[in-house]
Amino acid sequence: MSESSQISPWSYKPWWCQPWSILLTGITIIAGSWFLAHTIWFTCLVAVPILAWMGFFILVWPQLVIQSGMLNPDQTTPEKAIAEE
């Protein structure tokens with residue numbers, strides 16, 4: 001197996017910080033801005049920082065954590081880390 005499939009930074013995050021919840025929150029906020037204002041400029045104004053936030057936490061953050069070496073390749077779940085202490 002490859003190193004990225006063995007080490008998952010998502011297993012260390014709570015349910016509200018998982019990729020599906022980040023996407024759902026971002027899409028809900030963007031759609032809500034459209035339903036509230038019905039103007040494209042306002043929706044774009046809301047969407048740009050939300051899409052940047054989603055892109056960072058879904059695409060960039062996991063790779064940075066894996067590359068930083070903060071996660072031990074031998075412990076793939078938080079439970080193993082606690083058990084080893």
Side-chain angles (χ1 to χ4, degrees):
M1 280 188 206
S2 68
E3 183 178 326
S4 62
S5 66
Q6 292 176 353
I7 303 172
S8 175
W10 299 113
S11 62
Y12 291 87
K13 301 300 263 174
W15 68 268
W16 48 266
C17 198
Q18 295 295 319
W20 63 268
S21 64
I22 293 171
L23 284 172
L24 185 63
T25 302
I27 290 169
T28 301
I29 292 171
I30 293 169
S33 72
W34 173 254
F35 288 122
L36 242 105
H38 288 288
T39 55
I40 193 73
W41 68 267
F42 182 73
T43 302
C44 288
L45 191 66
V46 169
V48 168
I50 297 294
L51 290 172
W53 166 74
M54 290 187 335
F56 177 78
F57 280 107
I58 293 175
L59 302 173
V60 178
W61 176 81
Q63 295 303 315
L64 290 175
V65 170
I66 291 169
Q67 290 173 1
S68 73
M70 289 174 50
L71 302 177
N72 185 350
D74 297 329
Q75 56 190 57
T76 56
T77 62
E79 291 80 20
K80 285 184 182 179
I82 292 170
E84 291 177 357
E85 290 180 355

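We count residues from 1, following the sequence as given. Bear in mind that the values here come from a model prediction, so they are computed numbers and not experimental data.
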Heavy-atom closest pair, residues [X] and [Y]:
X     : Y     : result
Leu71 : Ser8  : CD1-C, 4.2 Å
Gln18 : Lys13 : NE2-O, 2.9 Å
Ser21 : Trp15 : OG-O, 3.3 Å

Common cluster, [X]/[Y], ILVMFWY with side-chain heavy-atom separation under 4.5 Å:
X     : Y     : answer
Ile27 : Leu36 : no
Ile50 : Val60 : yes
Trp16 : Ile29 : no
Ile30 : Phe42 : yes
Val46 : Phe56 : yes

Problem set entry | Val65 vs Tyr12 side-chain heavy atoms within contact, under 4.5 Å | no
For this session: State yes or no: are the ring centers of Trp53 and Trp61 separated by less than 6.0 Å?
Result: no
Exercise. When you measure from the side chain of Thr25 to the backbone N and O of Ile22, does any donor-acceptor pair fall under 3.5 Å?
Worked result: no
Seminar exercise, completed: CH2 of Trp20 to CD1 of Ile58, rounded to nearest 0.5 Å, is 12.0 Å
